[in-house]
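Written out below as structure tokens is the structure these notes cover.
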Amino acid sequence: MMFCKAEVLIEEKIMTGSYVKLYNTGQLRQIAKRAVALLESCSLCPRECGVNRLQGEAGVCRTGRYARVASYGPHFGEESCLVGSQGSGTIFFCGCNLLCRFCQNYSLSRDSDPDCTEVDASGLAELMILLQHRGCHNINFVTPTHVIPQILEALIVAVGSGLTVPVVYNCSGYEKVDSLVLLENVVDIYMPDAKFFRAQSSAAHTGCADYPVRMKQAIVEMQRQVGDLVVGPSGVAERGLLVRHLLMPNGLEDTRELVRFLARTISRDCYLNIMDQYRPCGEYSGGDGPEDCSHPISQRMYEKAMQLAEDAGLRRLERKDLGSLLARLLIRSDQKQR
Ligand code: SF4
């Protein structure tokens, strides 16, 4: 079905991003306007800095009026249901509202990397279209919390240029529910990293003792909006919630409480990826962090965490599959050579 009104409308197909509908009814424009107005005294995230980002002031996230992008491209290292055969179309934003002390992308989260480049709505839209043209199955916004208004503005331009693939909100979990409400029927797949469940852990590693409360509220809201993860017949995710959990060397108690929360409060079919990639980076590198966080995750600890998730009753756990990861990387290298 093609629309033909004063404004160019986009054909709505099955499996397209839900934001296309909002664009066609004019609601996306209204939501973006409301979101941009919030930048005047920024309270987009729990930090509630109150700075005027419309005037270029920056708060904790170190980002003013426009988003800054570090890199973009098809990513083959994400969960297999996001990667498919063509990759997940990642756009990495600079700046962050959480600022983990052990961050693996420390210079990007602190916006001190020379690759960080400011983009306006048209520039950001151009990246999305480029990724869709390259065959990516989705647009995967990495660290998007502090640039929700900028993403919404850019989506208007991108949909006008033909963007239709699902949108992934790949965040730290340190969110405000009021801001997530702006994304209802815009985001197709929520992917929060539920890092800490105890206030003492989050306070130690980020300085944000309220992280667990905010993260739990956020995941409840995400589940309300999109429900359990739906994966299509080709194995690619279409819509829903995918929770990540970065396992910390001293964090098994957080893991135990998190998996119980997910199984009891969210859903036993909540898709969970327990990640064992922790390395002492950022302020923890060179032996400067806490003694019990100076080493990577052992296989034994990873297996214990997976067991905790199973014991809690969770039925959809991402399994480490080195064979399929290798296959995906080979596809990528083959595509590069062509
Ligand atoms: S988005 Fe940035 S400026 Fe706004 S409240 Fe959060 S950290 Fe502060």
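In listed order, ligands and their atoms are each counted from 1. It should be emphasised that the depicted structure is a prediction, and the values quoted were computed from it without experimental measurement.
- Side-chain atoms of C103 and E283, non-hydrogen and from C-beta on, never get closer than 4.5 Å to each other.
- The atoms of ligand 1 that sit less than 4.0 Å from any heavy atom of E48 are 5 (S).
- Between H245 and F196, the closest side-chain pair of non-hydrogen atoms is not below 4.5 Å.
- Sulfur-sulfur distance for C116 and C94: below 2.5 Å, consistent with a disulfide.
- Residue contact annotation: C61 places no N/O/S atom under 2.8 Å from atom 4 (Fe) of ligand 1.
- Ring geometry for F102 versus H205: interplanar angle over 60°, hence perpendicular rather than tilted (30 to 60°).
- The shortest contact between atom 4 (Fe) of ligand 1 and any protein heavy atom is with C42 SG, 2.2 Å.
- Considering only non-hydrogen protein atoms, atom 1 (S) of ligand 1 sits nearest to R53 NH1, 3.5 Å.
- Here is the list of ligand 1 atoms found below 4.0 Å of a heavy atom in H146: 1 (S).
- Counting heavy atoms from C-beta on, the side chains of K176 and L44 never come closer than 4.5 Å.
- Side chains of Y19 and D188: a donor-acceptor N/O pair is absent below 3.5 angstrom, by distance only.
- For atom 6 (Fe) of ligand 1, the set of nearby N, O or S atoms under 2.8 Å includes one belonging to C45.
- Looking at S179, S43, C49 and measuring to atom 8 (Fe) of ligand 1, the nearest heavy atom belongs to C49.
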